[in-house]
Amino acid sequence: MRNLEDYQNTIAINAYNYEERLQKVHAIIGENISFLETFSLKNCPFFQQQINADLGYLRHGLELLGRAIDSIRGIVEIEQAERVGVARRRHRSLEHTIQILGIGFGGGA
């Protein structure tokens, strides 16, 4: 995406420079050089539109990817919370068993 933005800036800068040079050449020659304006009038806008379209697709894709990552994080957090809950239940069960055995051994002694 960064490369496309760099290309977009490069095209804009070069189009400006090209147009400026064309005006200087036209001032020197004084003849019709409209055939040289094709680049700045047709090609540059086409490339700019294509880059904008590509950037739009990429931004949309990145947004969807971000949502997917957030969903995965949520699932992982839920699974971790469930594991903690299971571990706590096991710990309580173990404590209860130890207490029962302690009472049994104490009573037996």
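Residue numbers count from 1 along this sequence.
Atoms CG and CD1, on Leu4 and Ile51 in that order, are 6.0 Å from each other to the nearest 0.5 Å. Note: Leu62 CG to Leu58 CG = 6.5 Å, rounded to the nearest 0.5 Å. To the nearest 0.5 angstrom, Asn3 atom CG is 10.0 Å from Thr10 atom OG1. Going from atom CG of Asn9 over to atom CG of Asn14 covers 10.5 Å, rounded to the nearest 0.5 Å.
The neighbour count for Tyr18 OH, taken as heavy atoms of other residues, nucleotides or ligands under 6.0 Å away, is above 12.
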Run the side-chain donor-acceptor check on residues 26-43: report pairs under 3.5 Å with partners two or more places apart or on a different chain.
| residue | atom | partner | partner atom | Å |
| --- | --- | --- | --- | --- |
| His26 | ND1 | Glu31 | O | 2.9 |
| Asn32 | OD1 | Ser34 | N | 3.0 |
| Asn32 | OD1 | Ser34 | OG | 3.1 |
| Thr38 | OG1 | Phe35 | O | 3.2 |
| Ser40 | OG | Glu19 | OE1 | 2.9 |
| Ser40 | OG | Glu37 | O | 3.2 |

List, one per line, each side-chain donor-acceptor pair under 3.5 Å for residues 73-86, sequence neighbours excluded.
none

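Residue pairs meeting the salt bridge (Lys or Arg N to Asp or Glu O under 4.0 Å) criterion with at least one member in residues 54-65, sequence neighbours excluded, are Glu5-Arg59, Glu63-Arg67.
Considering only residues two or more places apart in sequence or on other chains, Tyr16 meets the side-chain hydrogen bond (donor to acceptor under 3.5 Å, both in side chains) condition with Glu20.
A chain of hydrophobic side-chain contacts below 4.5 Å, direct or via other Ile, Leu, Val, Met, Phe, Trp or Tyr residues, connects Ile11 to Phe46.
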